[in-house]
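The structure under discussion appears below in the form of structure tokens.
Just follow the structure's listing: the first ligand is 1, and inside any ligand the first atom is 1.
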Amino acid sequence: MSGSLLLAPTREELAAALAPYRRSGAEVGVVTTMGALHEGHARLLGVARERVGEGPLVATIFVNPLQFGAGEDLERYPRTLESDLALCEREGVDVVFAPAVHEVYPGGDPVVTVDAGPLGDELEGESRPGHFRGVLTVVAKLFGLVRPDVAVFGQKDYQQLVLVERMARDLCLGVEVVGAETVRGADGLALSSRNRFLSAAQRDQATVLNRALRAAQDRAAHGLPAARWAAMRVLDEVPQTDLDLDYLAIRTPRLDEVTELHPREPVPARILVAARLGGTRLIDNLPLTLGGTS
Ligand code: PAF
């Protein structure tokens with residue numbers, strides 16, 4: 001660890017910053033972000049640091065236009081480079097790659113992109129067509145530029161984590177993808193760069209998401225319908241005029257459909273929720289164990 005943060009806005013500066021580390025053969029770790037960093041990102045950086053030890057830790061900060069659809073919040077997405085750099089420095093990041101759009105997409109939108117497969121069109125992908133194509137394309141590019149050994153992604157964006165793992169494996173990218181646990185506020189709300197758009201009242205209402213997921217966890221031993229019903233009951237506490245539910249889904253940990261609703265033996269699963277509060281789209285998820293109670 002060098003102890004002094006290097007800011008690299010261009011590919012050349014990134015390559016120059018990493019060159020000494022590459023010569024030493026040290027493992028390279030990366031955390032890809034869109035900035036507006038918070039303690040959730042700090043956790044990802046901490047996990048990456050543990051994995052690479054003295055090797056270089058790279059944070060990328062890039063609001064990727066390719067993953068935003070028409071009418072989404074690309075323009076208003078928070079850009080807070082100065083405080084992001086302070087957090088990176090505090091977390092012992094060695095290099096911050098913070099490129100401009102033309103640096104990542106020099107010829108405009110790329111012609112060749114990464115197809116996320118069928119899962120890319122489900123859950124988040126159903127509400128945000130093309131979103132995961134944009135995510136996987138930029139992540140593949142960032143992997144190509146940073147050439148990390150280890151990349152840490154948050155479980156909060158669970159579908160993204162599953163798809164990035166899948167891409168790394170299917171395309172033999174030679175990077176180990178690690179998932180890090182979601183960081184929550186004391187009220188259970190998952191930390192997100194978008195939480196800053198919530199009013200105090202909406203922030204209170206937003207805690208219903210986590211409470212619903214926990215209610216489902218508590219009932220999951222009785223099977224999928226019972227878990228789902230428990231979550232829906234909690235979500236119903238907030239009027240539909242305020243909370244616009246997008247999906248509540250219980251899937252396998254790899255996000256396949258669950259085939260056995262009442263498994264005799266306990267099986268691991270994942271519950272995922274997405275909803276809009278005012279103009280802000282929020283997502284959350286938790287692991288649960290289905291079945292085991294006859
Ligand atoms: O999770 C995010 O912040 C983004 O989707 C990512 C992985 C940085 C790609 O732009």
Side-chain angles (χ1 to χ4, degrees), residues 8 14 29-45 47-48 57-69 72-81 83-84 87-88 91 93 95-105 109-110 113-116 119-120 123-125 127-146 148 150-168 171 173 175-183 190-197 255 272 274 280-285:
L14 174 68
V30 73
V31 174
T32 60
T33 81
M34 297 205 299
L37 302 185
H38 49 65
E39 292 310 309
H41 296 106
R43 161 87 51 95
L44 306 185
L45 292 166
V47 171
L57 176 54
V58 180
T60 70
I61 297 178
F62 178 62
V63 183
N64 172 36
L66 209 62
Q67 69 190 72
F68 288 79
E72 291 189 11
D73 56 356
L74 172 62
E75 299 311 326
R76 78 164 185 155
Y77 199 86
R79 283 139 171 108
T80 58
L81 186 60
S83 57
D84 292 349
L87 185 143
C88 287
E91 293 304 317
V93 170
V95 182
V96 172
F97 179 49
V101 173
H102 61 81
E103 190 68 29
V104 177
Y105 301 115
D109 279 359
T113 57
V114 180
D115 186 324
L119 180 57
L123 303 170
E124 282 301 286
S127 305
R128 308 183 66 188
H131 171 66
F132 287 115
R133 175 185 293 275
V135 170
L136 294 189
T137 300
V138 82
V139 170
K141 290 190 78 140
L142 293 169
F143 282 177
L145 293 167
V146 176
V150 179
V152 181
F153 288 79
Q155 290 180 359
K156 164 154 175 301
D157 295 295
Y158 190 77
Q159 190 177 1
Q160 168 174 284
L161 169 64
V162 168
L163 285 168
V164 171
E165 278 170 350
R166 192 73 209 250
M167 171 178 77
L171 302 184
L173 298 184
V175 53
E176 183 191 354
V177 176
V178 174
E181 262 187 44
T182 303
V183 179
L191 298 197
S192 161
S193 306
R194 289 187 170 98
N195 289 353
R196 67 189 68 202
F197 297 137
L255 298 183
L272 307 100
T280 308
R281 195 158 185 288
L282 299 173
I283 58 174
D284 200 356
N285 68 86

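Backbone and side-chain nitrogen or oxygen atoms of Gln160 are examined, and one is located within less than 3.5 angstrom of a nitrogen or oxygen of ligand 1. For ligand 1, none of its N or O atoms has an N or O atom of Asn64 under 3.5 Å away.
Checked against side-chain hydrogen bond (donor to acceptor under 3.5 Å, both in side chains), Asp115 has no partners two or more places apart in sequence or in another chain. Residues satisfying the side-chain contact (heavy atoms from CB on, under 4.5 Å) test with Leu119, not counting sequence neighbours, are Glu122, Gln159, Val162, Leu163, Arg251, Leu255.
Distance from atom 10 (O) of ligand 1 to its nearest protein heavy atom, with residue and atom name: Gln67 OE1, 2.6 Å.
More than 12 heavy atoms of other residues, nucleotides or ligands lie within 6.0 Å of CD in Glu72, so this atom counts as buried by the packing criterion.
Side-chain contact annotation: Asn64 with Tyr105, donor-acceptor N/O pair under 3.5 Å present.
Per-residue contacts place Thr33 under 4.0 angstrom from the following atoms of ligand 1 (heavy atoms of the residue considered): 8 (C). The Val138 neighbourhood of ligand 1 comprises atoms 9 (C), 10 (O), with distances under 4.0 Å to a heavy atom of that residue.
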- Task: Let me see the working for Thr113 and Arg133 under side-chain hydrogen bond (donor to acceptor under 3.5 Å, both in side chains), right down to the final yes or no.
- Result: CA-CA 7 Å; Thr113 57; Arg133 175 185 293 275; 2.5 Å; yes
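Of the listed residues (Thr137, Val31, Thr32), the one carrying the non-hydrogen atom nearest atom 6 (C) of ligand 1 is Thr32.
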